[in-house]
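Worksheet: one structure, shown below.
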Number of protein chains: 2
Amino acid sequence: MSLPHAILTALLERPSSGLELTRRFDRSIGYFWSATHQQIYRELGRLEAEGLIRALPSEQPARGQKKAYEVLPAGRAELARWTSASQDPKPHRDAMLLRLRAAAVVGTDGLEADLRRHRELHALQLAEYREIERRDFPPGKDGPEDRLRHLVLRAGIDLETFWTQWLDHALSEFARLPDTTRE
Amino acid sequence: MSLPHAILTALLERPSSGLELTRRFDRSIGYFWSATHQQIYRELGRLEAEGLIRALPSEQPARGQKKAYEVLPAGRAELARWTSASQDPKPHRDAMLLRLRAAAVVGTDGLEADLRRHRELHALQLAEYREIERRDFPPGKDGPEDRLRHLVLRAGIDLETFWTQWLDHALSEFARLPDTTRE
DNA sequence: CCGGGTTATGCAACTAGTTGCATAAGAGAC
DNA sequence: GTCTCTTATGCAACTAGTTGCATAACCCGG
């Protein structure tokens, strides 16, 4: 139940319209909490109904018109509450690991190509993160907020590094498997 | 849409009843594809209705009686199809990273304790994985199936190692933050 | 023989996320 | 001026996962 809190965070960083939020979820925030524009609009409606955010009064709210939102004090309080409350880590699900385990039973046929493709996708994401790091965290930009945000980005960078390396390892193991295992 | 395939994999490794599957999902399979017993029973019903698995005829199917299932040829074929089909990686969601980003805006108050708790949970999981590795993959146990399963376990071990280290890093950054950031 | 815990199975309702499609305004092409 | 493309907003239906609870048999102590 974190989408509303992801939106509150984004809106506190900068008041935005639904579409602007969608764009930002495609870039930074979405890297660890993805959401589609449909989800975002629905949630904006709920948050407004609950009195946690409000539409900026500047523009008229006609359809096809930008409608920007800002966070109200109640919204900030709710985000602070949620952030500090103890939460259990959610179990993660990874389809690729499951497929590999299945492959041990039904054969590895066809898997190697997708392993290779995933490796490239992770490498691409890693390059993007590094570019963001270069742009947003030059040496010297290390105020408290910068440090926290940089920490989050580092997790992304290190995770993508991990996955590229692990997939390389997996591919090298594949190369050593006897052909019979591949069905 | 991978729960049915997780169940097919588990049943191919060993025919089981719903409860046995639940136990196995709490241990090995569930480490990368978790499921509750309610999900499992529901899915077993669907898989049986689709003709991918069948109840072993040994026991009578009364309530409170063990009912074990085995995979039919159609089920094995479906699992092989799914394993080899190309799939896009799902975007991951990580509430802790989101909370850290929120903390950069609303303050880090209360977060540090949970960071520490998560660090311990990851360390515990890591110890469990290492124990499984010691028990299930002694030197010499390296047939093709073993190699694949070991690869999956290695991902788990390396991920938990990564998270413990990253959380240590995060905690050391917290120690250096000025008190004002902590609200 | 009965009362409480454990094993085993399962339904129903709810919450969260995804997919498909609809609507409307403005911008520029011709 | 109207056609089409892009921007912007949003509803509805569906799929997957979670939570809460119900049922029933067996097992063991007293």
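The sequence lines fix the lettering, A, B, ..., with proteins before strands; numbering per chain opens at 1. Everything numeric in this text was worked out from a predicted model, so none of it was measured.
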Expressed as a whole number of angstroms, how long is the span from [X]:[atom1] to [N]:[atom2]?
X	N	atom1	atom2	result
A:H5	C:dG17	NE2	P	12 Å
B:L21	C:dA8	CG	C1'	13 Å
B:K67	D:dT23	NZ	P	19 Å
B:E20	C:dT6	CD	P	20 Å
B:R23	C:dT7	CZ	C1'	7 Å
A:I40	D:dC11	CD1	P	15 Å
A:H92	D:dG17	NE2	C1'	17 Å
A:R46	C:dG17	CZ	C1'	10 Å

Report all interatomic pairs (protein N or O, nucleotide N or O of nucleotides 18-21 of chain C) with separations under 3.5 Å.
{"from": "C:dT18", "atom 1": "OP2", "to": "A:Q39", "atom 2": "OE1", "distance (Å)": "3.1"}
{"from": "C:dT18", "atom 1": "OP2", "to": "B:R93", "atom 2": "NH2", "distance (Å)": "3.1"}
{"from": "C:dT18", "atom 1": "O4", "to": "A:R42", "atom 2": "NH2", "distance (Å)": "3.1"}
{"from": "C:dG20", "atom 1": "O6", "to": "A:Q38", "atom 2": "NE2", "distance (Å)": "3.1"}
{"from": "C:dC21", "atom 1": "N4", "to": "A:Q38", "atom 2": "NE2", "distance (Å)": "3.4"}

Practice task
Over 60° means perpendicular and under 30° means parallel, so classify the ring planes of B:H122 and B:W163, tilted if in between.
Solution key: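 Answer is parallel, since the angle falls under 30°.
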Practice task
Describe, in one word, how the ring planes of B:H150 and B:F137 are oriented to each other, choosing from parallel (under 30°), tilted (30 to 60°) and perpendicular (over 60°).
Solution key: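 Taking B:F137 first and then B:H150, their aromatic rings lie parallel (interplane angle under 30°).
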Less than 4.0 angstrom from a charged side-chain N to a carboxylate O is my criterion; do [X] and [Y] meet it?
X	Y	result
B:D114	B:R99	yes
B:R149	B:E133	no
A:E131	A:R134	yes
A:R54	A:E70	yes

Exercise for the section: With the side chain of B:L3 defined as its heavy atoms from C-beta on, choose the nearest nucleotide among D:dA8, C:dG10, D:dG17. Expected result: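 Taking heavy atoms from C-beta onward, the closest nucleotide is D:dG17.
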Exercise for the section: Would you mind telling me which of C:dG10, C:dT7, D:dG10 lies closest to the side-chain atoms of B:L19? Expected result: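 Between C:dG10, C:dT7, D:dG10, the one nearest the side chain of B:L19 would be C:dT7.
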Practice task
Please confirm whether the backbone N or O of A:R81 pairs with a side-chain atom of A:T83, one donor and one acceptor, at under 3.5 Å?
Solution key: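 Side chain of A:T83 to backbone of A:R81: no pair is present.
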Exercise for the section: Pick base, sugar-phosphate or nothing for A:S17, based on heavy-atom distances below 4.0 Å to the nucleic acid. Expected result: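 Result for A:S17 = sugar-phosphate.
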